[in-house]
*Asks:* 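Could you have a look at this structure, given as structure tokens, before my questions?
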Amino acid sequence: MKTGDHLFLVDGSGFIFRAFHAIPALNRKSDGLPVNAVSGFCNMLWKLLRDARNTDVGVTPTHLAVIFDYSSTTFRKEIYPLYKANRSAPPEDLIPQFGLIRHATRAFNLPCIETEGFEADDIIATYARAAEAIGADVTIVSSDKDLMQLVTPNVHMYDAMKDKQIGIPDVIEKWGVPPEKMIDLQAMTGDSTDNVPGIPGIGPKTAAQLLEEFGDLETLLARASEIKQVKRRENIVANADLARLSRQLVALRTDVPLELGLEELVLEKQDGPKLIAFLKAMEFTTLTRRVAETCDCDASAIEPAEVPVEWGATAHGPDLDPGVAEGQDAEAPKAATASAKPASASSADGARAMDLAAQRHEAFSGHKIDHASYTTIRTVENLKLWIAAARETGIVAFDTETTSLDPMQAELVGVSLAIQDNTQQPNANEIRAAYLPLAHKAGADDLFSDGVKLVENQVPMAEALALLKELLEDPSVLKVAQNLKYDYLVIKRHGITLRGFDDTMLISYVLEAGAGNHGMDALSERWLGHTPIAYKDVAGSGKSAVTFDYVDIDKATAYAAEDSDVTLRLWLTLKPRLAAAGLTRVYERLERPLVPVLAHMEERGITIDRQILSRLSGELAQKAASFEDEIYELAGERFNIGSPKQLGDILFGKMGLPGGSKTKTGQWSTSAQVLEDLAAQGEPLPRKIVDWRQLTKLKSTYTDALPSYVHPETKRVHTSYSLASTTTGRLSSSEPNLQNIPVRNAEGRKIRTAFISTPGHKLLSADYSQIELRVLAHVADIPQLRQAFAEGIDIHAMTASEMFGVPVEGMPSEVRRRAKAINFGIIYGISAFGLANQLSIERSEAGDYIKKYFERFPGIRDYMESTKAFARENGYVETIFGRRAHYPDIKSSNPSVRAFNERAAINAPIQGSAADIIRRAMVQIEPALAKSGLGEKVRMLLQVHDELIFEVEDEAVGVAMPVIVHTMENAALPALELKVPLKVDARAASNWDEAH
DNA sequence: AGCTAATCCTA
DNA sequence: GTAGGATTAGCTA
């Protein structure tokens with residue numbers, strides 16, 4: 001071996017465990033022998049030897065060895081008998097594969113190395129250091145953190161599962177310390193799988209922080225008395241010896257006696273026939289073929305090798321899918337009981353909910369949800385039969401299965417359908433459901449498998465979509481789905497525009513906003529007394545999770561068909577209740593028509609300028625760093641400024657600043673309010689903390705996060721709007737939330753300049769002025785407010801003038817500011833406590849203001865009292881359009897819970913009515929634009945509660961603006977004539993900051 | 001890996 | 001004082 005050579009050290013023992021868990025165990029030989037880990041191992045080796053240059057390693061090896069653990073008595077057990085003592089026996093299916101994997105290594109003509117008394121890691125360490133000393137490069141094929149201590153500029157690791165190289169920066173990124181400090185870090189954190197004790201209470205973060213501060217473990221132990229945190233200090237002092245012992249356990253030995261020298265690891269020529277004989281014995285057909293092609297051998301002429309197998313225990317058949325059998329249905333009545341609001345103070349409500357659930361369950365009890373009754377649609381003929389049946393009954397529940405929760409990224413994998421089968425008996429609640437798999441795959445698209453294949457016997461995607469299109473676009477057949485906006489977008493991206501639909505989530509939301517969530521699982525529990533199969537039970541969770549296209553089709557059928565089945569049952573249960581509660585209009589005017597409107601907005605997205613954000617990010621980072629230096633200087637030590645806990649200890653513990661208050665968990669509060677108060681007393685540090693927080697907030701939440709939401713194909717940011725997650729009727733926005741982009745100060749507003757229009761277009765922002773106060777003036781019917789809005793005078797100045805008797809002309813800004821705070825306070829269900837906080841005045845003074853306000857505007861007090869009474873009486877309040885917001889805890893015996901619910905109930909009709917108005921505007925806007933010939937020139941992109949943002953062709957701005965303003969200002973009509981006018985301000989510019 | 005608390009951004 | 005969502009830290013499983 002010489003300089004420039006490249007030694008690969010494959011951690012065979014590590015690989016076999018990871019491959020075993022990562023690759024589904026259905027991978028068996030025809031005689032039932034499990035070979036999943038061996039298969040992964042062979043594929044990995046083959047790719048590494050054949051096309052390592054196409055992987056993230058980028059080089060082909062000149063030398064290679066596969067290293068294994070040998071027996072269990074190692075030197076570590078001698079120093080610490082408990083080492084690896086909590087290891088349980090390996091899984092039964094893995095045991096025969098230990099031997100096979102060694103056979104595989106030899107079949108590849110590779111050295112298979114194990115040394116008694118040492119672990120594979122020590123052997124790897126010894127070879128790595130030896131090779132490095134000669135000047136060779138080393139790649140350790142493993143992702144085990146125990147080996148990361150070996151990484152140097154010349155020694156890399158390679159994660160074969162993820163095809164990812166691991167170098168010094170990667171170690172630092174993952175663990176916060178460079179490779180040479182990994183030993184100390186692991187000594188402190190310990191390792192529960194190997195039973196390395198470590199120091200209790202110290203995790204990777206703390207360990208990295210301590211190492212940063214003290215340099216290494218010995219220094220830390222020597223200077224432990226300097227650690228401020230009492231518990232931490234005590235732990236470290238008490239466990240110093242344990243830490244030193246742990247260090248011995250995790251430090252790898254580099255002096256293992258080697259049977260084979262480096263020279264002997266040189267890569268031998270492949271022995272084609274020998275390898276093929278082994279692969280044939282394992283029945284790895286794809287790899288056999290590939291090897292035969294590469295080596296130019298005739299595979300059929302080679303006999304499978306005789307490979308002895310050491311079975312650890314008797315093999316068993318494949319597991320049945322757990323938890324999907326009848327057992328759950330038998331449990332259903334109990335589930336219904338458990339879901340009946342146990343925390344609610346109103347036991348009557350609870351009892352009623354229980355009754356309803358029980359009744360529903362009764363109604364369906366003769367027709368239990370039965371996974372065995374579901375069918376899989378495998379042929380075009382069968383699909384046609386289902387579509388015909390759906391047309392026959394006129395109602396079909398459907399659900400799309402995809403690869404992602406993001407409808408803009410999701411790839412369609414399958415569709416489930418459910419219909420009422422009333423061919424035998426009219427009105428029977430018999431439901432038939434089926435799953436149509438379209439793009440299920442097998443295998444894996446990674447280094448260690450045979451590659452991906454489409455599973456056989458699936459209806460071709462294009463053909464299925466063409467058939468479904470006719471059904472889904474036909475308004476005379478009602479399509480029912482849960483959270484339908486998602487499915488709408490997924491199929492829209494396949495050229496299908498859904499027409500004629502109902503959404504069970506939205507029906508539930510209209511019926512019960514504020515009383516529990518409206519997800520399918522919750523609704524199924526609540527109304528059907530049935531717990532659907534959990535998604536993670538079919539697709540796994542955490543690192544073993546797979547996308548739906550890799551779910552076995554039988555399992556997928558049970559899961560997907562059940563979703564449609566449950567959706568149809570929910571629809572049958574909930575839809576009639578809308579009319580019974582008089583809520584049909586709310587659903588049909590304010591909810592359902594918004595689905596396509598929002599779907600289109602999400603689909604359009606908005607352009608952001610990444611350059612602006614990246615420049616801002618750099619500036620913020622610089623400024624934040626200089627603040628950090630000053631903060632450490634003032635504090636006299638380094639600490640995590642972002643940790644309120646550590647910050648509180650510094651400010652109120654170490655520095656002993658006065659005026660600290662505690663949060664509800666007893667921590668020191670370090671809120672901006674508290675820090676501002678300290679700064680006002682002349683303390684320099686708190687001001688800097690406030691500024692630092694602002695900078696890091698902008699950086700992490702906006703400049704750094706937003707670019708990661710740019711869609712790879714559209715190059716735009718597509719937020720997701722939730723129609724059913726607020727109690728009041730507002731929308732919410734997430735991933736990213738575009739309803740909280742900074743606007744209140746100059747630094748933050750720079751973020752808005754990054755939201756830009758496409759060339760040839762402007763962004764047009766139109767927002768309602770004072771919409772909530774106008775709604776208040778309407779619902780509480782306050783003469784002075786109505787008059788002020790009618791005449792267009794400054795509403796806060798008018799309020800101040802009424803309250804304090806100061807003329808509007810030449811009013812001091814402070815007086816107006818107070819009146820403004822009171823006006824907002826009213827909308828929020830005012831309390832003296834809250835107003836006092838807002839204005840930094842005494843509670844008694846705030847109380848006096850409120851008293852005065854009510855004297856001048858008695859109608860407002862009447863409104864607040866009658867709203868509370870209505871809420872107590874009915875358990876909900878209503879907006880001016882009849883939308884309901886439920887407050888089940890309004891009768892709570894806990895005064896603060898009760899008061900909170902009362903304030904929310906006062907606010908809901910105001911906030912909710914305003915939300916209804918803008919919903920109506922959003923529904924009306926597209927037809928209004930189309931009528932003015934602007935359909936193609938104006939696109940609505942965003943909604944921010946009282947603001948709508950459009951992208952408008954340059955030359956259409958002048959025409960579009962009055963149409964938009966007019967539509968928004970008259971959005972309540974014709975349903976309702978408001979007693980005050982609505983006012984909308986609009987501007988257009990090339991970015992959101994200037995348009996707003 | 002998944003949860004809660006604290007904080008801070010919006011209307 | 002109302003209504004949301006995202007990030008980070010720090011803990012538990």
Side-chain angles (χ1 to χ4, degrees), chain A residues 192 201-206 209 513-514 536 541-545 640-648 662-675 689-690 693-702 704-706 709 719-722 725-745 747-749 751-752 767-768 770-772 776 821-839 843 846 850 864 885 896 899-912 914-915 918 942-947 996:
Chain A
S192 57
I202 307 280
K205 297 284 167 199
T206 316
Q209 188 207 320
K536 66 174 190 335
S541 68
K543 91 176 172 101
S544 60
N640 182 348
I641 310 170
S643 161
K645 195 160 168 272
Q646 295 182 30
L647 178 61
K662 298 280 181 81
T663 67
K664 64 169 178 264
T665 52
Q667 288 292 314
W668 290 111
S669 169
T670 65
S671 64
Q673 183 67 60
V674 169
L675 298 180
I689 304 279
V690 170
R693 275 190 186 163
Q694 198 207 341
L695 297 169
T696 52
K697 173 80 179 180
L698 290 175
K699 182 163 155 30
S700 67
T701 310
Y702 302 105
D704 292 353
L706 278 173
Y709 288 103
T719 183
S720 171
Y721 287 105
S722 170
S725 59
T726 72
T727 304
T728 56
R730 274 190 175 181
L731 305 180
S732 75
S733 153
S734 61
E735 290 179 304
N737 180 358
L738 294 185
Q739 292 180 323
N740 72 345
I741 303 302
V743 72
R744 288 183 187 168
N745 63 58
E747 195 71 36
R749 274 223 301 279
I751 310 280
R752 289 202 172 211
D767 69 297
Y768 283 105
Q770 313 275 19
I771 188 168
E772 294 191 346
L776 175 69
I822 296 169
N823 277 334
F824 273 105
I826 294 295
I827 290 169
Y828 297 153
I830 202 154
S831 76
F833 179 84
L835 184 62
N837 261 340
Q838 178 67 31
L839 287 174
R843 190 161 347 163
I850 293 168
M864 293 173 82
S896 67
F900 177 80
N901 277 271
E902 287 174 352
R903 289 193 299 271
I906 288 167
N907 171 257
I910 303 169
Q911 190 186 111
I918 197 164
L942 303 178
Q943 189 252 41
V944 191
H945 307 310
D946 65 359
E947 177 188 13
H996 183 73

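First the proteins, then the strands, lettered A, B, ... as listed; each starts at 1.
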*Asks:* Please tell me which of the listed nucleotides, dT7(C), dT7(B), dA3(C), lies nearest to the side chain of Thr701(A)?
*Replies:*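 So the side chain of Thr701(A) is nearest to dT7(C).
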*Asks:* For the side chain of Arg693(A), starting at C-beta, report the closest nucleotide among dC8(B), dC9(B), dG10(C).
*Replies:*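 Closest nucleotide among those given: dC8(B).
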*Asks:* Output the single nucleotide from dA9(C), dT7(B), dT10(B) whose closest atom is nearest the side chain of Ser643(A).
*Replies:*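 My answer, after comparing the listed nucleotides, is dA9(C).
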*Asks:* Of the options dC8(B), dT2(C), dA11(B), whose atoms approach the side-chain atoms of Ser671(A) most closely?
*Replies:*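 Output: dC8(B).
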*Asks:* Are Thr727(A) and dG4(C) close enough that a side-chain N or O sits under 4.0 Å from OP1 or OP2?
*Replies:*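 For Thr727(A), the contact criterion (side-chain N or O under 4.0 Å from OP1 or OP2 of dG4(C)) is met.
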*Asks:* From the list dT7(B), dG1(C), dA6(C), which nucleotide is the closest neighbour of the side chain of Asn737(A)?
*Replies:*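 Nearest to the side-chain atoms of Asn737(A), counting from C-beta on, is dA6(C).
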*Asks:* Give a yes/no answer on whether the side chain of Gln739(A) brings an N or O atom under 4.0 Å of OP1 or OP2 in dA6(C).
*Replies:*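 Looking at the OP1 and OP2 atoms of dA6(C), neither is under 4.0 Å from any side-chain N or O of Gln739(A).
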*Asks:* Would you say Asn640(A) places a side-chain N or O within less than 4.0 Å of OP1 or OP2 belonging to dA9(C)?
*Replies:*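 Asn640(A) to dA9(C) OP1/OP2: side-chain N or O found under 4.0 Å.
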*Asks:* Just compare dA3(C), dG1(C), dT7(B) and give me whichever is closest to any side-chain atom of Asn837(A).
*Replies:*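 The listed nucleotide nearest to Asn837(A)'s side chain is dG1(C).
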*Asks:* Quick one: the side chain of Lys697(A) and the base of dC9(B), do they pair up donor-acceptor inside 3.5 Å?
*Replies:*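 Side chain to base: no pair below 3.5 Å.
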*Asks:* From the set dG1(C), dT7(C), dG5(C), return the single nucleotide nearest to any side-chain atom of Ala705(A).
*Replies:*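 Closest nucleotide to the Ala705(A) side chain: dT7(C).
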*Asks:* Nearest to the side chain of Gln911(A), heavy atoms from C-beta on, is which of dA11(B), dA3(C), dG4(C)?
*Replies:*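 Of the options given, the side chain of Gln911(A) lies nearest dA3(C).
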*Asks:* Side-chain N or O of Ser725(A) less than 4.0 angstrom from OP1 or OP2 on dG4(C)?
*Replies:*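 Indeed not, no polar side-chain atom of Ser725(A) lies that close.
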*Asks:* Determine yes or no for a side-chain-to-main-chain donor-acceptor pair under 3.5 angstrom, with Tyr721(A) supplying the side chain and Gln943(A) the backbone.
*Replies:*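 Yes; at least one donor-acceptor contact below 3.5 Å.
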*Asks:* Hey, are the side chains of Ile830(A) and Met864(A) touching, using non-hydrogen atoms and a 4.5 Å cut-off?
*Replies:*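 The answer is yes, as the side chains (C-beta and beyond) meet within the 4.5 Å cut-off.
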*Asks:* Among dA11(B), dG1(C), dA6(B), which is the nearest nucleotide to the side chain of Val944(A)?
*Replies:*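 Ranking dA11(B), dG1(C), dA6(B) by closest atom to the Val944(A) side chain puts dA11(B) first.
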*Asks:* Between the base of dA11(B) and the side chain of Arg744(A), is one N or O donor paired with an acceptor at under 3.5 angstrom?
*Replies:*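 Looking at the base of dA11(B), it does pair with a donor or acceptor on the side chain of Arg744(A) (distance under 3.5 Å).
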*Asks:* Closest approach to the side chain of Ser734(A), judged atom by atom: which nucleotide of dC8(B), dG5(C), dA9(C) is it?
*Replies:*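 When the side chain of Ser734(A) is considered, dG5(C) is the closest of dC8(B), dG5(C), dA9(C).
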*Asks:* So do Glu947(A) and His996(A) actually touch side chain to side chain, heavy atoms under 4.5 Å?
*Replies:*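 The answer is yes; the side chains approach within 4.5 Å.
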*Asks:* Quick one: pull up CD1 in Ile689(A) and CG in Leu647(A) and give me the separation to the nearest 0.5 Å.
*Replies:*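 The distance works out to 4.5 Å.
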*Asks:* Quick one: which of Ile910(A), Asn907(A), Leu835(A) gives a side-chain contact (heavy atoms from CB on, under 4.5 Å) with Tyr828(A)?
*Replies:*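 Considering Ile910(A), Asn907(A), Leu835(A), a side-chain contact (heavy atoms from CB on, under 4.5 Å) with Tyr828(A) is found only for Asn907(A).
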